[in-house]
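Data first, discussion second: the structure below is written as structure tokens.
Here the structure is a predicted model, which is why all the values come from computation and not from measurement. In what follows, every chain begins at residue 1, and chains take the letters A, B, ... in the order their sequences are listed.
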Amino acid sequence: MKQFEEMNEYDREFKSMNNKINLAQKEQEDILYQINNKIGRKSPTRRQVSPIWKYYLTLTVTSLIIIILSLPLLTNIIQDRTGNLNNESIHQQNWEVSPTFKLPVTFGDGTKGEYVLVGKEEKLGFLVGSGKEGEAAVQPIVKGKANKYMWHFWGSEEELNGDFKVVGINETGEREKVLLGNNEETVWNYGELGGSNNGADKHIPSSMVFPTSGLWKLEVYIGDKMFDEVIVHVQEN
Amino acid sequence: MDQDIIKQRVNDWYHTYSNDIYKYVFFMIGEHDQAKDILQDTFLRAYHNFESFQGEKVKNWLFRIARNLTIDYIRKKKTIACLIDSISSSKVTNKTPEQTIVLNETERELYDALRKIKRSYREVIVLRKIKEFSVSESCHILGWNENKVKVNLHRGMKALRKQLVKEGYRHETI
């Protein structure tokens, strides 16, 4: 029972407090005036949006957001499937055939010679000729003729780590597979690069074939990243 | 229902309950101007949500709206006070509200202690003790069950007494 006696302890004070705290008449009227003012301004013309309308609106907005967000992904997929890059032909006018450079080599019989590579010195290149020192000649790349090309790479272990991929882009901007797989079919990529060779940090043997003559840009990817590019001229015959 | 009829209804309710609602909000937050704003918002919300009024006791419905708005305000104020504290380390000054000037010494002590106890204790004390709502009405306004109302009132009163002792206004009974 003590509990309930305690509960009534301040009842008199509470009642008295309630009677003393009041909102002045004037303030009360002011607030009502403001309420009516705000009601008059807003609500009689308040438009009710029907739920079905809201549903379609939400659906449309959500679809648009999904489409916008997935656009880059879709573009990538389409490019991967068709090998096309529409705006590539714009850049084609500025293409310049990559320079060749030489690597000194000692052949099996002890004679000194050199390899000729096309690409970028100290970065990447593939072998297009060989011969005795000062006599090495560049072998032409001919349309439709599959040939073996040894790729060489210079760089850190990290940037040379990953699958080797080549995307060939012809003069009209079409993206083509130029690497030949085991069954003579063209493929986008091979496996990982091999160890050091002829002074390069990594190498990989390849077979390539180009279906048309003219300039070809070879985008070289290692792993997911584009490593560099090489531009070559493919002869008609 | 016609907007003018709703407006008239809200006006009638205002005349009947505005002072009571103001007192409730004032005891909860201790700020005269803010209590007036919440009072105004309570009736605006009642007007805009008139269709959701299920024909229950109007006073309970209005108090429930006022209580929600008051809690929103307390939460917002708490967040802002935390931010100010963390930025400037300055304490928000706690001025005595003009309204409390009319209270006598005992009432002022009680009012001060009430302001310092837990919000859930304060609201049940304000409803049950000051506004003299029944247990079932308080349940309706607070959205609590009967047991929670009773337990919180009991604990709240204990906390209030403890606060008064702490402030040096009362001596602990042996």
Side-chain angles (χ1 to χ4, degrees), chain A residues 1-70, chain B residues 2-4 6-8 10-11 14-15 18-27 30 32-33 35-44 46-48 50 97 99-104 106-111 113-114 125-126 128-132 150 153-154 156-158 160-161 164 170 173:
Chain A
M1 281 300 104
K2 187 172 180 282
Q3 179 181 321
F4 293 101
E5 282 163 24
E6 283 172 0
M7 293 275 285
N8 297 328
E9 201 175 349
Y10 306 110
D11 278 4
R12 200 161 45 89
E13 284 86 355
F14 283 139
K15 263 185 202 166
S16 162
M17 279 161 75
N18 186 42
N19 292 333
K20 285 180 179 172
I21 301 289
N22 283 302
L23 190 59
Q25 188 68 33
K26 172 82 174 68
E27 287 178 311
Q28 223 165 329
E29 283 164 9
D30 284 349
I31 294 168
L32 182 62
Y33 176 76
Q34 284 174 31
I35 291 169
N36 284 330
N37 228 353
K38 286 184 180 170
I39 287 174
R41 248 185 286 153
K42 279 183 191 171
S43 59
T45 52
R46 221 175 152 197
R47 282 180 59 207
Q48 291 284 326
V49 181
S50 73
I52 191 79
W53 209 87
K54 275 184 187 171
Y55 169 76
Y56 283 123
L57 187 70
T58 316
L59 201 70
T60 316
V61 171
T62 315
S63 314
L64 273 173
I65 290 170
I66 291 170
I67 290 169
I68 290 165
L69 289 178
S70 59
Chain B
D2 189 275
Q3 300 295 328
D4 289 336
I6 299 174
K7 187 177 170 183
Q8 188 51 51
V10 171
N11 272 252
Y14 183 85
H15 288 301
S18 57
N19 199 30
D20 268 343
I21 291 172
Y22 163 79
K23 290 180 195 193
Y24 162 74
V25 180
F26 179 79
F27 280 117
H32 172 65
D33 288 336
K36 277 167 43 183
D37 285 350
I38 293 175
L39 173 68
Q40 188 186 119
D41 289 345
T42 301
F43 284 89
L44 280 173
Y47 174 80
H48 292 306
F50 187 84
Q99 285 279 24
T100 58
I101 293 166
V102 294
L103 302 177
N104 68 31
T106 322
E107 290 160 356
R108 176 83 63 83
E109 289 165 5
L110 206 53
Y111 170 84
L114 193 62
I125 292 172
V126 172
R128 290 279 291 115
K129 294 290 184 177
I130 301 179
K131 298 312 303 163
E132 298 184 276
K150 285 179 180 171
L153 178 62
H154 181 64
M157 288 303 288
K158 269 172 90 173
L160 188 68
R161 204 174 308 113
L164 285 163
R170 297 282 188 280
T173 46

With heavy-atom distances below 4.5 Å as the criterion, would you say the side chains of [X] and [Y] are in contact?
X	Y	result
Met17(A)	Phe27(B)	yes
Ile66(A)	Thr62(A)	yes
Leu32(A)	Phe43(B)	no
Tyr10(A)	Leu114(B)	no

Top of Asp41(B), Asn11(B), Val10(B) for chain A proximity - count of heavy-atom pairs under 4.5 angstrom =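 Of the options given, most contacts go to Asn11(B).
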Option in Asp37(B), Asp20(B), Leu44(B), Leu160(B) with maximal non-hydrogen atom pairs under 4.5 Å from chain A =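 Highest number of pairs under 4.5 Å: Leu44(B).
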Go through the atoms of Asn36(A) and report whether side chain, backbone, both or neither lie under 4.5 Å from a heavy atom of chain B.
->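 Answer is both: backbone and side chain atoms of Asn36(A) are under 4.5 Å from chain B.
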